[in-house]
Amino acid sequence: MGSSALIDIGLPISLFLIMVGMGMTLTPKDFREVAIAPRGTTYGLVCQILLLPMVAFGVAVAMELSPALAVGLIVVAACPGGTTSNLFVYLGRGDVALSIVLTVLASLITIVSLPAFTGWALQHFHDSAMSIELPVMRTVITLIVIVLLPVAIGMTIRHFKPVLAAKGEKAVGLLGLVVLIAVIVLLLVKLGDEAFELFRKAGVSAIILNVAGIVLGMLGGRLIGLSRDQAFTVAIELGIKNGTLGLMVTLTLLHSEAMSVPSAVYGVLMFAFGFLMIGYARLTGVGRNAQGASE
């Protein structure tokens, strides 16, 4: 009960504060650059909305997953990146403005695309009579309150109090790291003995899906001409999913605990991959700060 309260209440509050801190690192110029050169946004959205669900379908067929696990894997693949992906991009010194734009746009498009892919998966693997409908207003309000509002507050602080913003940025980096470690511990505590069984059922397929997203972002992004920090950002957006949305769809809308397994497993594994990506980014100098220093 305590763990649930910390995740359900403490995490959103922490993310709000972290997003304020991220806003302190941004200026309107960063978002103008994303708009003027939208290749990263376009590629990220195509991968997020279309390619990754198709990869999940291929994995489900190749591994001969049960119908419930196959549908669940496609559901989590079709989910957008959550606000946690913005935090990973920030800690890895990626393109935070691009990350925020991808999170917001993918979340809005998902209102249509996620039910469409879920319906298709149900028809192919499970039960064509089932259908889902995502709560549009709740999604929009969540995006405004957890992403857009705190970022705007942070950008305002930077504009009027640049010295305070510089100090706040360092504190947010430490807070972000602490929050991520706490989330992993709490998720494992919450799963308890159930963790092994969940990983046994869907661990391999979740790992393949996560690695596929990272490869699409890093290698695919570089092949189409994205900078290293943009490719890293797209990889994080594809790898760090809104697992909570996947659980809501499978448990609340589809009423299937079996279908929720891939979202639960992916929700734990993605943090491990996220930390590996942050380590890679720091060691190899990915990110605008490192690039600026080298120039």
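The side-chain heavy atoms of I240 and F273, taken from C-beta on, include no pair separated by under 4.5 Å. Proximity of L69 to M259: side-chain heavy atoms (C-beta onward) are nowhere separated by under 4.5 Å. Within the 4.5 Å cutoff, side-chain heavy atoms of C79 are placed close to those of L114. Two residues are said to be in side-chain contact when any heavy atoms from C-beta on lie closer than 4.5 Å; V151 and V20 fail this criterion. No side-chain heavy atom of R93 sits less than 4.5 Å from a side-chain heavy atom of D229. Contact check for E237 versus N86: side-chain heavy atoms found under the 4.5 Å cut-off.
One finds the CD1 atom of I74 at 11.0 Å from the CG atom of L52 (value rounded to the nearest 0.5 Å). The CD atom of Q48 sits 10.5 Å away from atom CG of L216, with the distance rounded to the nearest 0.5 Å. For the atom pair CD1 (I278) and CG (L91), the distance works out to 4.5 Å, reported to the nearest 0.5 Å.
Every residue two or more places apart in sequence or in another chain that forms a side chain to side chain donor-acceptor pair (under 3.5 Å) with T284 is listed here: R228.
Ring orientation note: the planes of F125 and F57 are tilted relative to one another, at an angle of 30° to 60°. Ring-plane geometry between W120 and F117 is classed as perpendicular, the angle between the planes exceeding 60 degrees on a 0 to 90 degree scale with a lower cut at 30.
Under the side chain to side chain contact (heavy atoms under 4.5 Å, CB included) test applied with V211, the options I214, L209, I208, I207 reduce to a single match, I207.
Contact record, V234 with G44: CG1-CA, 3.9 Å, taken as the closest heavy-atom pair. Residues F275 and F88 come closest through the heavy atom pair N-CE2, 3.6 Å. L238 approaches G217 most closely through the heavy-atom pair CD1-N, 3.8 Å.
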